[in-house]
Amino acid sequence: MPTTRLALLLILAANLAAGCTTTSFRDLLFARTAGSSYLEEGIRNYEEGNYRTSGRRLQYALEEGLTRPDRVKAHKYLAFIACVSGQQLTCREEFSIAVELDPSFELDAAESGHPIWGPVYKSVKAKQK
């Protein structure tokens, strides 16, 4: 009888351990960073032309925590907002942060050809080389 209990306890412990491992792996695999919902809101607000709200949401996202690629994306949008708001120095700083986080960071063709932020971005990238 004691052997049966021990066997059952071992099976139960193994199942619990396997469940914990699976759950932890799944959580790691599908985990969202704390700031990811703010990032999504910030981009959505940007696309709707609500730059002030977008800027706040993007800052919240950075404060709450983002993956490196998402931090690059947040700084890219903050650069766009600064440029269209006439804040060229801030625009340059935001692009510089994005490039520092990811030296291979590139705007797509339409973005880099934009008349307002395109030249600022290109000058930041030129200094990188």
Side-chain angles (χ1 to χ4, degrees):
M1 203 76 147
T3 313
T4 306
R5 277 191 189 161
L6 181 61
L8 287 173
L9 284 174
L10 287 174
I11 291 170
L12 179 60
N15 283 333
L16 286 173
C20 291
T21 302
T22 304
T23 301
S24 297
F25 178 73
R26 184 179 33 221
D27 290 345
L28 288 173
L29 188 60
F30 297 108
R32 293 184 52 163
T33 56
S36 59
S37 62
Y38 284 125
L39 177 64
E40 291 169 8
E41 287 179 38
I43 293 170
R44 188 173 48 254
N45 280 289
Y46 172 83
E47 291 170 348
E48 294 169 355
N50 301 322
Y51 300 135
R52 180 178 290 183
T53 302
S54 174
R56 284 195 302 264
R57 293 295 182 260
L58 294 168
Q59 288 294 344
Y60 294 156
L62 289 165
E63 291 168 11
E64 291 295 318
L66 295 170
T67 62
R68 183 179 301 254
D70 282 347
R71 289 192 336 243
V72 171
K73 188 182 292 187
H75 286 289
K76 175 181 93 166
Y77 280 97
L78 287 169
F80 291 171
I81 293 167
C83 279
V84 299
S85 301
Q87 300 170 331
Q88 298 301 315
L89 181 58
T90 302
C91 178
R92 182 176 308 283
E93 289 170 353
E94 293 296 341
F95 277 134
S96 294
I97 293 168
V99 169
E100 184 177 315
L101 287 167
D102 178 7
S104 66
F105 167 68
E106 297 285 338
L107 295 180
D108 66 33
E111 292 170 337
S112 66
H114 192 278
I116 297 175
W117 61 69
V120 178
Y121 165 77
K122 288 173 185 168
S123 72
V124 168
K125 285 299 280 188
K127 284 186 178 181
Q128 178 191 21
K129 296 175 183 179

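For the single chain, residues carry numbers from 1 onward in sequence order.
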Practice problem: For the pair Phe80 and Trp117, name the ring-plane relationship: parallel under 30°, tilted 30 to 60°, perpendicular over 60°. | Solution: parallel

Exercise. Can you spot which of Leu58, Leu62, Thr67 makes a side chain to side chain contact (heavy atoms under 4.5 Å, CB included) with Leu39?
Key: Leu58

Quiz item: How close do Ala109 and Ser112 get, heavy atom to heavy atom, and via which atoms?
Solution: O-OG, 3.3 Å

Quiz item: Can you name the closest pair of heavy atoms from Gly42 and Ser54 and give their distance?
Solution: O-OG, 2.7 Å

Practice problem: Locate the shortest heavy-atom distance separating Ala61 from Leu66; write the atom from each residue and the value. | Solution: O-CG, 3.4 Å

Self-check item: More than 12 heavy atoms of other groups within 6.0 Å of Glu100 CD
Solution: no

Exercise. Hey, could you give me the CD/CD distance between Glu41 and Glu48, rounded to the nearest 0.5 Å?
Key: 10.5 Å

Self-check item: Inter-residue atom distance Asn45.CG - Arg52.CZ, 0.5 Å rounding
Solution: 13.0 Å

Self-check item: Contact check, side chains of Lys73 and Ile43, non-hydrogen atoms, under 4.5 Å
Solution: yes

Quiz item: Which class fits the ring pair Tyr46 and Tyr51: parallel under 30°, tilted 30 to 60°, perpendicular over 60°?
Solution: tilted

Self-check item: Inter-residue atom distance Phe95.CZ - Lys76.NZ, 0.5 Å rounding
Solution: 8.5 Å

Quiz item: Under a single-linkage definition using a 4.5 Å side-chain heavy-atom cutoff for Ile, Leu, Val, Met, Phe, Trp and Tyr, are Ile97 and Tyr60 assigned to the same hydrophobic cluster?
Solution: no

Quiz item: What are the two closest heavy atoms between Glu64 and Ala34, and how far apart are they?
Solution: O-CB, 3.3 Å

Quiz item: Between Lys125 and Glu106, does at least one N-O distance fall below 4.0 Å, as a salt bridge requires?
Solution: yes

Exercise. Measure the CG-CD distance between Asp70 and Glu40 for me, rounded to the nearest 0.5 Å.
Key: 8.5 Å

Quiz prompt | CD on Glu94 to SG on Cys91, rounded to 0.5 Å | solution = 8.5 Å

Self-check item: Same apolar cluster: Tyr38 and Leu78, side chain cutoff 4.5 Å
Solution: no

Self-check item: Heavy-atom closest pair, residues Arg68 and Leu101
Solution: NH1-O, 3.1 Å

Practice problem: Please report the closest heavy-atom contact between Asp102 and Ser104, naming both atoms and the distance. | Solution: OD1-OG, 2.6 Å

Quiz item: So, Gln128 side chain and Pro103 main chain: donor-acceptor pair closer than 3.5 Å or not?
Solution: yes

